[in-house]
Structures are given as C-alpha cells and as structure tokens.
Amino acid sequence: MKAITQTLSELVSQAFAAAGYDPGLGAVTASDRLDLCQFQCNGAFAAAKLYHKAPFAVADQVAQVLQNDSAFSKVEVAKPGFLNLTLDDGYLLKQANAITQDPHLGIPQAPSPAAIILDYGGPNIAKPLHIGHLRSAIIGESIKRILRAAGHTVVGDIHLGDWGLQIGLVITELQQRHPDWRCFSPDFDPQADAVQPLTAAELNEVYPLASKKSKTDPDYAQRAHQATYELQNGRPGYLALWQEIRRASVADMKSNYQKLGVTFDLWYGESDAGRNIPRLMDILDQKKLLTESDGAMVVEVAEPQDKAPMPPVIVRKSDHSSIYATTDLATIIQREEDFHPDKIWYVVDNRQELHFTQVFRCAKKAGLVPAETELAFLGFGTMNGTDGKPYKTRDGGIMKLEDMIATVTKGAQEKLEASSFVDEADYEEMARRVGVAAIKFGDLINQRAKDYVFDLNKFFSFEGKTGTYLLYTVTRINSILKKAGAPRDPAAPISRVYTDSERELLLKILMTGDVFQKALGEKAPNYLCEHAYQLAIAFSKFYHDNRIIDEPDPEKKQSWLSLIALVRRVLCLLLELLGIEPVEHM
RNA sequence: GCGCCAAUAGCUCAGCUGGAUAGAGCAAUUGCCUUCUAAGCAAUAGGCCAGGGGUUCGAGUCCCUUUUGGCGCGCCA
C-alpha cells in the first residue's frame with residue numbers, strides 16, 4: 001500500500017485542481033505542529049507566487065473543497081497560508097486496519113524491482129576484525145534488508161581483501177619465522193606437500209607486526225611486494241599457504257559476523273576477481289585506455305568538469321602486481337557476468353570516495369557495465385573516540401570486534417541476571433541479542449555519512465534512546481498479550497479511538513511507510529531508528545495511561561489488544577530492517 | 001596548496017525538497033512501583049543554530065565570505 005502522505009497528497013492535489021490550481025502543489029507532509037494538526041500542506045505559498053494571489057486566499061479555497069472530504073475531521077487555514085489537516089478517527093482506523101491486513105505491513109513496494117549487488121563488510125583476511133569493520137557490516141546489513149523489504153533483489157557480497165599486499169606481508173613474516181616450511185620451497189608440490197595449519201590468533205599477531213616492520217625496513221617491504229607478486233602469479237607454495245591463511249581467517253570472521261547477525265550471500269574476495277584481471281587488461285588495452293607512467297600502467301579518468309585534479313587510476317603497479325583498483329574493476333566484470341545487475345552499491349568508508357570515483361569512471365569508460373548500470377558509493381563516517389580522533393582503546397590499541405561484542409554482552413547479561421523474567425538457560429543468547437541491539441542501534445541512529453563519537457560507556461547504561469529500549473518495549477507488549485490469554489481474535493480490527501495517546505500511537509504507525517521510503521531513498525537506516533524510537537515512546541505513553549488487562553469493557557479491551565499487537569508487528573518489522581533481533585522477555 | 005565534509009543545549013546527536021514556538025538522549029533538579037516488566041513514565045531547567053554579509057513574504061536549512069576542526073589528493077586497502 002501507499003505511504004499515508006502519498007494518499008493524502010492525492011486528495012489535496014485533487015482539491016487544488018478543483019480550486020483551479022496546479023495539482024502538483026498539493027504535497028502533504030507530517031505536521032510540524034502536532035498541537036495544531038496531524039498533517040499539513042504548504043502548497044498555497046508556492047501557488048501564491050504562481051498565481052499572484054495571497055497565500056491565505058488560495059489555502060482557503062482549497063480548504064473549502066476539502067471540508068467535504070470524509071478523510072478529515074478538521075481542515076483549517078492558519079496565518080500566512082498553512083493548510084492544516086487532521087484525520088477523521090474513522091479514516092485513521094481504516095488506514096491502521098489496512099496496514100494490519102497488508103502483507104507488507106504498510107511498506108510501499110518498489111514499482112519496478114531492481115537487481116542490486118551490495119558490497120559491504122570488506123574485511124581483510126589475516127587482519128582481525130576490529131571496530132573499524134563494524135559500520136560497513138551493520139549499515140550494509142540494514143540497507144540490504146531495507147532494499148529487500150521494498151521488493152528489490154539484493155545479493156550481498158562481503159568482498160574480502162584477500163589478494164593484496166597484506167598477504168605478501170603475512171607470507172614474508174611467516175617465512176622469516178618458519179623458513180623450513182615446505183610451502184616456502186620453490187619445489188613445493190601441492191599434491192604431495194601439506195601446509196602447516198594456522199590459527200586466527202596467530203594471524204592476528206603476525207599481520208600488525210609485519211605491517212610495522214615493512215614501514216621501517218625497505219628490504220622487508222621489498223620482499224613483501226615480491227611475495228605478493230609471486231602469489232598473484234601462482235607460485236604453488238604461496239598459493240597453498242594463502243589458502244590456509246584464508247581458511248583460518250574466514251572461520252574466525254564467520255563466527256564474529258554470526259554473533260552480530262550480519263550475513264552475506266557471497267563470500268567472494270579480491271582473489272576471485274583474479275581470473276578476470278588478464279581480461280580486464282585486454283579490454284583496457286583494446287580500448288586504448290592504458291598509459292605507462294613511472295613504470296606503472298594507468299588509466300586517465302579526469303573529466304573537464306572536475307573541480308580538483310583527478311589523478312589517473314593505477315591498474316598495474318610498477319612491480320607488475322595488481323592493486324585494489326585492479327581487483328575492484330575485475331570484480332565488476334565478474335558481477336556483470338554473473339548477475340547483470342541494475343546497480344552495484346558499495347558500503348565503504350568515506351575516505352575511499354576518490355578511489356571509487358576513479359574505479360567507476362574507469363569501468364564506464366571501458367564499458368565493463370552498460371552505461372545505465374548504477375555504480376554508487378555509499379560512504380560512511382569514522383567512529384571517533386571522545387577525543388575526536390579515530391577510536392582507540394585505553395592503551396592506544398584498536399578494539400577488536402570480538403572484544404567489543406563480549407564487553408557489551410557481559411553488561412547485558414548482568415542486567416538479565418537481575419531479571420525475574422528470564423530463565424537462566426537463556427541468559428547467554430538473550431544477552432547477546434540485547435548487547436548487539438545496543439551496538440547496532442547506537443551506530444545506525446547516526447547519519448551514515450557523518451563521523452560520530454563512539455562512547456562504549458553509553459552502551460552499558462542500556463537507558464534512554466537505545467536499542468535496549470526498543471527491545472524492552474516489545475517485551476512489555478509480549479507480557480500483556482500473553483496475560484490477556486488465548487481467546488483473542490488475532491484478526492479483530494482496532495474498533496475505536498478511545499484516547500489521545502492512542503491516536504498518537506496510530507498516527508506513528510501510519511507514518512511507517514513514509515519513513516521507510518525516506519530511509520530507502522537515502523539509504524539511511526537512521527530514519528528507521530528514530531521512527532522505531534518514536535513508536536516505542538508513543539506506546540509507552542499509551543501503556544502508562546491505560547490499563548489494558550483490567551479494562552472491563554470487552555470491546556475496548558479487544559480493540560486495545562489489536563492495537564498493541566499491531567504495534568508489536570510494526571516495531572518488530574523496524575527492528576528486522578535494522579538487523580536487530582527482538583527478545584521475548586528481558 | 002587544491003578538493004570534500006562538518007560546526008545546533010554542559011556532553012552526544014536529530015531537524016524531512018527553506019515555512020508557524022529549533023527537538024531528543026545523557027548529565028542536573030523533582031515527582032511516580034501493594035496495580036499489564038521502573039531497562040519505564042511525568043515534569044523543571046538548559047540555545048545570538050561558529051562569526052559576518054546576501055537571496056526571500058519567511059533562513060539552523062540556500063548563496064558568498066571568514067574562523068576552527070576532520071578527511072582525501074598514483075604504485076596500502
């Protein structure tokens with residue numbers, strides 16, 4: 001079904017037309033002044049300019065037409081020319097009950113579903129997952145769910161960083177530690193020789209060290225580059241070792257992403273694009289896009305309208321190994337071949353914007369995707385510490401994702417242990433959900449593209465505008481519905497509006513479609529967070545003002561139960577879109 | 001140097017294509033649990049929306065400019 005403001009805009013547009021004005025002026029929005037009205041239309045101001053009339057006069061004419069409309073209980077014109085609209089309770093109920101019946105629970109469906117590849121996560125193998133990886137995973141997961149809820153087909157791809165210099169660094173360091181390993185021998189035989197098993201813990205220690213060494217030791221760095229080149233060119237021992245690095249690392253990642261409730265359809269990496277690199281180079285060569293520059297091969301992507309100098313993309317380094325632009329371009333070839341997507345979207349750190357601009361231009365120039373395929377960069381901001389600099393732990397290190405989840409989960413568990421509503425057997429799983437809800441909501445409530453200050457202590461309070469509050473609201477509803485007993489008709493409509501707090505609650509429910517469209521349009525889950533919070537507040541107020549279970553009037557009680565059942569469904573849907581799992585009790 | 005982004009309550013942030021009295025959470029002060037989960041509800045206090053120009057009937061929102069901060073600017077990803 002349509003979003004409510006869409007439906008109302010159509011009514012008001014007709015009224016504008018009936019009064020002799022452009023129907024395009026009839027856009028309705030939620031009211032800024034809930035004390036005056038529920039919805040408003042500011043079209044009279046624009047009409048005043050177009051038709052050289054006083055805004056008030058225009059609004060008044062339109063209001064005359066709308067007076068007769070049964071959808072509104074009150075149509076008023078205010079001061080300069082605001083058209084203030086309040087819905088008739090009967091209409092409000094009709095809309096709310098329609099949402100109950102709607103298979104999509106009021107979420108507007110995309111008129112033409114698109115095939116979208118969503119590239120998010122993007123961790124590097126051999127490096128531990130840390131909180132720098134959190135945003136891409138959480139935001140990507142939510143955007144994926146939002147797109148799917150609108151009816152789009154989405155393939156989520158983690159796009160592992162598994163083919164670059166970082167692997168060369170790890171190989172170099174391992175070689176220095178274990179020169180006797182068969183995989184380092186030039187005559188390594190993949191059929192006969194085995195590779196030493198590795199653990200994630202070991203890799204987590206090896207990479208940072210190797211990275212540090214390479215910065216101070218040019219010879220070490222040189223060997224890492226050489227190892228990268230040889231790996232990419234198929235040296236058997238390195239390939240076998242790389243496979244083991246990948247295996248150990250991916251196993252560790254999967255467990256962390258699972259805890260976070262983040263999933264991927266594809267676990268492809270840069271290496272999977274490797275086979276397309278020769279083809280990429282051929283295409284670039286055929287289209288005469290390649291230029292040699294300081295020993296590297298580059299593609300010019302500058303355009304006349306550029307405000308700042310646009311450097312060329314390097315597609316082959318001077319040591320002949322590939323770089324992230326190479327694998328990103330080769331990945332586009334693969335995605336086009338496998339899915340022929342309408343859109344490929346990248347949920348990546350803002351700092352990579354220039355890189356992706358270059359890659360997109362190069363891809364279009366080379367015709368890797370049709371001109372109409374949308375390649376878009378959905379950047380996100382950095383998580384800073386309270387000092388305004390990228391977040392560090394107290395000792396100056398980077399916080400591992402695993403540790404962060406464990407810390408918040410522990411805090412949640414302490415609270416749960418004090419609750420009489422949760423069985424001991426459920427502590428662990430419930431604590432995970434509560435902790436992860438706190439983390440996810442705390443992140444998603446922020447605007448995607450902006451940096452924000454991350455304060456771990458905030459997550460421990462489990463108070464106020466948090467994911468916890470949303471889960472708590474759901475558990476309160478659960479409690480009532482459970483205690484109200486079984487003989488309740490789940491399809492019974494909400495029959496009347498008895499109180500003000502109920503009306504506000506219904507209004508919030510009706511706005512869900514609008515908010516969803518906004519979140520979808522801007523790929524911005526924060527609107528859903530805010531709305532879920534608003535809905536929860538509206539429920540809490542209603543809950544506080546009215547005693548549902550003790551209500552003697554059976555019709556009223558039934559109506560209220562139907563109302564809160566709908567609130568629960570909408571709230572759970574919003575949580576699902578955010579990637580947050582509810583709990584039964586807490 | 002060039003470019004991009006930001007600056008709103010003590011702190012962390014909202015503020016929809018410019019609209020009517022700038023909103024939350026935390027922190028502070030104060031009420032509310034023999035009654036559906038107090039991880040809650042209600043209330044008080046807190047603002048020259050960084051400074052200065054401009055456009056407009058109307059600007060936190062658009063334009064210009066200054067200041068401050070963050071980020072980016074070929075062989076890391």
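Numbered from 1 within each chain, the chains take letters A, B, ... in sequence-line order.
Put simply, the side chain of Ser318(A) and the base of C75(B) share a donor and an acceptor less than 3.5 Å apart. One N or O donor and one acceptor, one from the side chain of Asp32(A) and one from the base of C16(B), sit under 3.5 Å apart. Evaluation of atom-type donor-acceptor distances gives a pair under 3.5 Å for the side chain of Asn84(A) against the base of A20(B). Evaluation of atom-type donor-acceptor distances gives a pair under 3.5 Å for the side chain of Gln40(A) against the base of A20(B).
Within the shown strands, A43(B) is the pairing partner of U29(B) under the Watson-Crick or G-U definition, both distances less than 3.5 Å. Nucleotide G3(B) forms a pair with C71(B), judged by Watson-Crick or G-U wobble geometry with both contacts under 3.5 Å.
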Practice problem: Produce a footprint string for nucleotides 55-73 of chain B: one letter per nucleotide, 5' end first; B if the base is under 4.0 Å from any protein heavy atom, S if only the sugar-phosphate is, - if neither. | Solution: --B------------SSSS
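Contacts of Lys317(A) with the nucleic acid, taken as non-hydrogen atoms under 4.0 Å apart, include base atoms.
Rounded to whole Å, the C1' atom of G18(B) lies 13 Å from the corresponding atom of C63(B).
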Quiz item: Please walk me through it: do Tyr346(A) and Phe360(A) pass ring pair (Phe, Tyr, Trp, His ring centres under 6.0 Å)?
Solution: CA-CA 11 Å; Tyr346(A) 297 79; Phe360(A) 295 166; 5.4 Å; yes
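One interatomic measurement links the two molecules: CZ of Phe356(A) to C1' of C76(B), which rounds to 14 Å at whole-angstrom precision. To the nearest angstrom, P of G40(B) lies 12 Å from CZ of Phe462(A).
Considering only side-chain N and O atoms, Lys307(A) lies under 4.0 angstrom from the phosphate OP1 or OP2 of C4(B).
Classification of the His130(A)-His133(A) ring pair by plane angle, with boundaries at 30° and 60°, yields tilted.
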